[in-house]
Amino acid sequence: MSTTQSPTSQRRALVVRGGWDGHQPVEATELFLPFLEESGFHVRVEESPDVYADAAYMEGLDLVVQSVTMSEISPEALKGLLAAVAAGTGFGGWHGGIADSYRNSSDYLQLVGGQFATHAALHPPAERKGEMDDNYVPHRVEITEAGRQHPITAGLDDFDLVTEQYWILSDDLNDVLATTTTKTREWEPWHRPVTCPAVWTRAWGQGRVFVATPGHQVDVLQDPNVRTVVERGLLWAGRALPETAGSAA
């Protein structure tokens with residue numbers, strides 16, 4: 001991977017990818033590399049979170065984009081990531097690459113503010129084939145009132161997807177920009193609809209955290225609404241997006 005240092009006037013972004021191949025971490029991150037470069041970022045790509053332990057490199061970094069589902073992180077790497085975000089580095093990503101990473105690390109979960117718990121599935125056994133699309137269900141992503149004023153989601157309407165719908169465990173430090181509601185199903189153990197954040201931001205020290213739960217694979221990320229949210233979210237986390245909603249619409 002490239003380790004060329006960018007000019008001091010240029011923003012610096014680190015893309016970290018890996019973990020479960022089902023989320024297409026390489027293909028998904030490649031989708032956004034040209035956008036980041038066109039937006040003025042010098043981009044370095046790493047295939048492991050071990051780079052987070054490099055304090056000299058992490059210092060002053062503007063943005064970390066992570067796509068690492070499950071997997072593990074060393075104590076040194078986690079310490080480096082936490083320190084960088086607290087000092088002002090933005091941290092962003094989508095789907096399991098950020099909201100289902102490093103399941104054994106409570107400190108990481110606290111940083112992100114939301115953890116994948118499950119996703120609804122089609123009716124068993126009539127509609128399930130033992131494939132990933134067993135979990136593809138129609139659902140709506142609804143922009144919140146706060147989201148209508150935020151530069152990441154301003155100007156977007158509610159939109160529909162047929163893909164994985166994440167059930168997220170979260171806390172109220174998040175600023176929720178969009179939600180999705182998992183319906184009741186007679187074959188499931190929950191007894192009422194459950195609304196979870198689908199897009200949120202989080203202030204952590206001097207840093208900004210951005211998470212979007214849609215993005216199971218590249219085809220979902222290419223949805224115009226999802227792609228807009230992710231692109232704006234990464235710019236916002238890296239402080240390359242205007243503060244006012246009107247400038248983003």
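- Y136 has its side chain within reach of E164: a pair of non-hydrogen atoms, C-beta onward, lies under 4.5 Å apart.
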Exercise for review: Determine, stepwise, if the pair H216 / T163 fulfils side chain to side chain donor-acceptor pair (under 3.5 Å).
Suggested key: CA-CA 7 Å; H216 175 66; T163 183; 5.5 Å; no

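- A donor-acceptor pair under 3.5 Å is absent between the side-chain atoms of W200 and the main chain of V209, judged by distance alone.
- In terms of heavy-atom proximity, F91 sits nearest to L63 at N-CD1, 4.4 Å.
- There is a path of hydrophobic side-chain contacts, each under 4.5 Å, that joins Y52 to L109.
- Put simply, the side chain of R140 reaches to within 4.5 Å of the side chain of D160, judged on heavy atoms.
- Residue S106 holds its OG atom at 11.5 Å from CG of L111, rounded to the nearest 0.5 Å.
- When all heavy atoms of S71 and G19 are compared, the pair lying nearest together is CB-CA, 4.2 Å.
- T180 pairs with exactly one of H139, E142, Q165 by the side chain to side chain donor-acceptor pair (under 3.5 Å) rule, that one being Q165.
- In this structure, the side chains of D171 and R202 come closer than 4.5 Å at one or more pairs of heavy atoms.
- The shortest distance between side-chain heavy atoms of T201 and R208 does not fall below 4.5 Å.
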Practice item. Tell me, with the steps shown, if H150 and R232 meet side-chain contact (heavy atoms from CB on, under 4.5 Å). Key: CA-CA 10 Å; H150 197 282; R232 289 184 184 178; over 6 Å; no

Check your understanding: Stepwise, does the side-chain contact (heavy atoms from CB on, under 4.5 Å) test hold for F32 with L221?
Key -> CA-CA 10 Å; F32 294 101; L221 291 165; 4.1 Å; yes

Exercise for review: For side-chain contact (heavy atoms from CB on, under 4.5 Å), just list the numbers for L235 and F210, CA-CA rounded to whole Å, side-chain angles, deciding distance to a tenth of an Å, and then say yes or no.
Suggested key: CA-CA 10 Å; L235 293 185; F210 155 75; over 6 Å; no

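- The shortest side-chain heavy-atom distance between T29 and W94 falls under the 4.5 Å cut-off.
- Note: S105 OG to Q110 CD = 10.0 Å, rounded to the nearest 0.5 Å.
- Contact check for V229 versus L156: side-chain heavy atoms found under the 4.5 Å cut-off.
- Taking CZ of R185 as the reference point, atom CG of L122 lies at 8.0 Å (rounded to 0.5 Å).
- D158 places a side-chain N or O within 3.5 Å of a backbone atom of I143 that can act as its donor or acceptor partner.
- With rounding to the nearest 0.5 angstrom, the CG atom of L82 is 11.5 Å from the OG1 atom of T89.
- Considering only heavy atoms from C-beta on, V65 comes within 4.5 Å of L36 through its side chain.
- Judged by the 6.0 Å distance and 45° axis criteria, R44 is positioned over the aromatic ring of Y57.
- Using the six-membered ring where Trp is involved, H119 and F116 have ring planes that are tilted, between 30° and 60° apart.
- Residue E72 qualifies as open at atom CD: its count of foreign heavy atoms under 6.0 Å is 12 or below.
- A side chain to side chain contact (heavy atoms under 4.5 Å, CB included) with L14 holds for exactly one of D62, L61, V45; it is L61.
- The two residues L169 and A117 make their nearest non-hydrogen contact at CG-CB, 3.9 Å.
- By the 30° and 60° cut-offs, the orientation of the rings of Y102 relative to Y108 is perpendicular.
- For the residue pair P214 and V226, the shortest heavy atom distance occurs at CB-CG2, 4.0 Å.
- Heavy atoms only, all atoms of each residue included: V68 and S101 are closest at O-OG, 2.5 Å.
- Taking all atoms of both residues into account, the shortest heavy-atom contact from A178 to V141 is CB-CG1, 3.8 Å.
- Summarising the geometry, atom CE belonging to M132 is positioned 8.0 Å from atom NE2 belonging to H23; distances are rounded to the nearest 0.5 Å.
- Between Y166 and H95, the ring planes lie parallel to each other; the angle is under 30°, not in the 30° to 60° tilted range.
- Under a 3.5 Å cut-off, the side chain of R11 and the backbone N or O of R239 do form a donor-acceptor pair.
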Exercise for review: Kindly determine whether I168 and Q115 satisfy side-chain contact (heavy atoms from CB on, under 4.5 Å), including the steps that lead there.
Suggested key: CA-CA 5 Å; I168 291 288; Q115 169 64 33; over 6 Å; no

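- For E127, the CD atom sits in a packed shell: over 12 heavy atoms of surrounding residues, nucleotides or ligands are nearer than 6.0 Å.
- The CZ atom of R103 sits 15.5 Å away from the CD1 atom of I73 when rounded to the nearest 0.5 Å.
- Side-chain contact check for E47 versus R17: some heavy-atom pair is nearer than 4.5 Å.
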